[in-house]
Structure formats: structure tokens, C-alpha cells
Amino acid sequence: MKQFAQKHKFKLISACSFLAVLLIWELATDVLHLISPLMLPSPAKILDTLVYKIMGGTNPDGATLFENIWASLKIALGGYVVGVAIGVPLGIGMAWSRRFELFAKPLFDIIRPIPALAWIPLMILWLGIGYSSKVGIIFFAAFISATVNSYTGIRRTSQVHLWVGKTFGATNRQLLFKVAIPTALPMIFTGLRLALGSSWVALVAAELLAATRGLGFMIQMARMLGRPDVIIVGMLTIGFIGLLLNAVLEKLQKKFVKGAKKG
């Protein structure tokens, strides 16, 4: 038992702190009534709402929790995949080729500071208010992080490693794929994880565009109808899905990046 406690000490501390927050929350709402349920519902109320939505309840947004999750995943992952598929090669290309960098980087540096939400009016004009415009907003949120980290990773490649490769007769293509990209993989995966976080941040705003399904839409409907329990359920669901997707990226990083921490 002592060995188990020592091995999982930090996990036990985290669990205790989480339970302490829940206890204080429950005491402040349901027991002592220090906070109005219209401002902050109790954990028990949120759990009831979560079970209701999971079991097929559609109020107040007209869809079950799983229908909203599926609608949001299609948007978030659609924009994320396109943003990463363009951003990673662009970052690598700008860092590896001086000519391509001179051509592409000035334009990218102009686009880079623009928040993803600032693209909403143009997305509506270009793509309407359907699925494509929402994916377009998520795309810009993911694209920037993926590009910046890929560029930085390639630029940090050791010149000594490149020199050794050239000494042994490696071609420019071999140096890129055998030396530079493997060296940059930790930064590239960091960019993938940051891009994933940015995608979920932009999700709620993207689903403001005439959506009828999705976690962002569910949160907005709950806000208008004064249902903080549904709002918190939506927020927790977004956080939990983001945690799962981030865990998948961590597994992939451990598999493909040499020297990645296995613990």
C-alpha cells in the first residue's frame, strides 16, 4: 500500500484537490445556498443535466449531447486537418528554402497576427453560412500554430548535423527528410497540439454562423435561455474531448519522435 501511494503520489494529490473543489462547490450551492443556482448550479444539478443529455434529452437546444458532439467534431476536425495539412508543409518549406521563404513569409507574417474570429465576415461572404464557412474559421485557427512551430523546428536543426550529412554525400532531399524533419518533430507535434487547442477555442464562435447543432450552439442557446447547467455541461464536454484528442497526439508523438518521454 505504501509503495502504491509513493508511485501514484501526484495522481492522488490531484484527485484530492479535485474532490475538494467539488465539495466546496456543493457546500456553497446546495448546502449553504451562498450562490444562486441561476448563477452557478451545483455539481449534482450539472450531473443530472449531463445524464439527461446523454440519455437522449434535447432541451433546450433541440439535440442530444452526442448529436452536438458529432456536429462539432465534423467542424473542428475538418478545419484542423486542412489547417495542419497546409500549415506544416508551408512552415517546413519556408524554413528549408530561402527563396520560398522570401516569397511566402512576408504574406504569412501579415496574416499571422489576425485572430481567427476576424475572418468570420469574409467567411460568410465567400462561403455562405454553411459547413464550409465554419471549417474556414477553424482552418485559420489551426493553420497559424502548425506553420509557426514547423518553421521554428526546421530552423533549429543543428548545422553540425547538416554538415555531417553533406560530408557523407547526402542530397538536399535526404538532408530534409533524414535530418531536418526528424529533428523538428518535437516542435511540429507541439504545433499540432497548439493548433488543436486553437481549433476548439474557435469552435464556439464558428457555430454562431446559423448553426442548428453543435456544442457551441448548445452553449449559446443555454446562455439565451438562462441555463448555466447546460452551459457548464457543454464546456466540460469540450474540455473532455480536447483532452482525449490531445492524448491521441501524445501517443503519436511517443511513437514517431525518437527520445520522446514514455511515461
Hey, mind stepping through Met187 and Arg156 against side chain to side chain contact (heavy atoms under 4.5 Å, CB included) and telling me if it holds?
CA-CA 9 Å; Met187 282 295 297; Arg156 288 184 177 180; 3.8 Å; yes
Under-4.0 Å salt bridge between Arg193 and Glu250:
yes
Any side-chain heavy atom of Leu215 sitting closer than 4.5 Å to one from Leu65?
yes
May I ask you to test the Ile238-Val204 pair for a side-chain heavy-atom distance under 4.5 Å?
yes
Indicate yes or no for a side-chain donor-acceptor contact from Trp163 to the backbone of Ser158 under 3.5 Å, with no hydrogens or angles considered.
no
For the pair Glu26 (side chain) and Leu23 (backbone), establish whether a donor and an acceptor sit closer than 3.5 Å, ignoring hydrogens and angles.
no
Closest approach of Pro228 and Pro37, non-hydrogen atoms and distance?
CG-O, 3.7 Å
Side chains of Ile75 and Leu203: closer than 4.5 Å at any heavy-atom pair?
yes
Check: Lys134 side chain, Gly79 main-chain N or O, donor-acceptor pair, under 3.5 Å
no
Here the pair of heavy atoms bringing Ile138 nearest to Ala206 is CD1-CB, 4.2 Å
Do Val179 and Val160 land in one hydrophobic cluster if side-chain heavy atoms of ILVMFWY residues count as linked below 4.5 Å?
no
Between Trp96 and Thr157, is the side chain to side chain contact (heavy atoms under 4.5 Å, CB included) condition met? List the steps.
CA-CA 10 Å; Trp96 189 251; Thr157 303; 5.6 Å; no
What one should report as the nearest heavy-atom pair of Gly153 and Ala184 is C-CB, 3.3 Å
With side chains defined as the heavy atoms from C-beta onward, is the minimum distance between Leu73 and Ile241 less than 4.5 Å?
yes
Do Phe18 and Leu40 land in one hydrophobic cluster if side-chain heavy atoms of ILVMFWY residues count as linked below 4.5 Å?
yes
Membership question, hydrophobic clusters at under 4.5 Å side-chain separation (ILVMFWY): are Ile114 and Leu90 in the same one?
yes
Would you say Met235 ends up clustered with Phe217 if hydrophobic residues are merged whenever their side chains have heavy atoms under 4.5 Å apart, either directly or through other cluster members?
no
Spell out, yes or no, whether Val81 and Leu194 are grouped together once hydrophobic residues are joined by side-chain heavy atoms under 4.5 Å, including indirect joins.
no
Step through the shown structure and confirm whether more than 12 heavy atoms of other residues, nucleotides or ligands are within 6.0 Å of CZ on Phe240.
no
Can you name the nearest heavy-atom pair linking Arg213 to Ala71, along with the distance?
CB-CB, 3.5 Å
Side-chain ion pair, Lys53 and Asp61, N-O less than 4.0 Å
yes
Do Leu245 and Tyr80 have side chains that get closer than 4.5 Å, going by heavy atoms?
no
Inter-residue atom distance Ser132.OG - Phe139.CZ, 0.5 Å rounding
13.0 Å
Given side chain to side chain contact (heavy atoms under 4.5 Å, CB included), test Met94 with Thr147 step by step and report yes or no.
CA-CA 9 Å; Met94 289 193 301; Thr147 304; 3.7 Å; yes
Quick one, Ile46 and Val233 - any side-chain contact, counting heavy atoms below 4.5 Å?
yes
Output for pair (Leu32 CG, Ile24 CD1), nearest 0.5 Å, gives 11.5 Å
What distance do Lys251 atom NZ and Phe256 atom CZ have between them, rounded to the nearest 0.5 Å?
13.5 Å
When you look at Ile188 and Asn149, which way does the side chain to side chain contact (heavy atoms under 4.5 Å, CB included) test go after all the steps?
CA-CA 6 Å; Ile188 292 174; Asn149 281 269; over 6 Å; no
Any side-chain heavy atom of Leu176 within less than 4.5 Å of one from Ile92?
yes
Do the numbers put Lys105 on top of the ring of Tyr151, so that NZ or CZ is under 6.0 Å from the six-membered ring centre and no more than 45° off the axis?
yes
When rounded to the nearest 0.5 angstrom, what is the spacing between OG1 in Thr49 and CZ in Arg227?
5.5 Å
Is any side-chain heavy atom of Met218 closer than 4.5 Å to one of Ile231?
no
How are the rings of Phe143 and Phe140 set relative to one another: parallel (under 30°), tilted (30 to 60°) or perpendicular (over 60°)?
perpendicular
Counting only N and O atoms by type, is there a donor-acceptor contact under 3.5 Å from the side chain of Ser97 to the main-chain atoms of Gly93?
no
Search all heavy atoms of Val84 against all heavy atoms of Pro89 and return the closest pair with its distance.
O-CD, 3.8 Å
How long is the span from the CZ atom in Phe108 to the CZ atom in Phe103, to the nearest 0.5 Å?
14.5 Å
Write down the atom of Ala142, the atom of Ala195, and the distance for their closest heavy-atom approach.
O-CB, 3.4 Å
Rounded to the nearest 0.5 Å, the CD1 atom of Ile219 sits from the CD1 atom of Ile232 at a distance of 10.5 Å
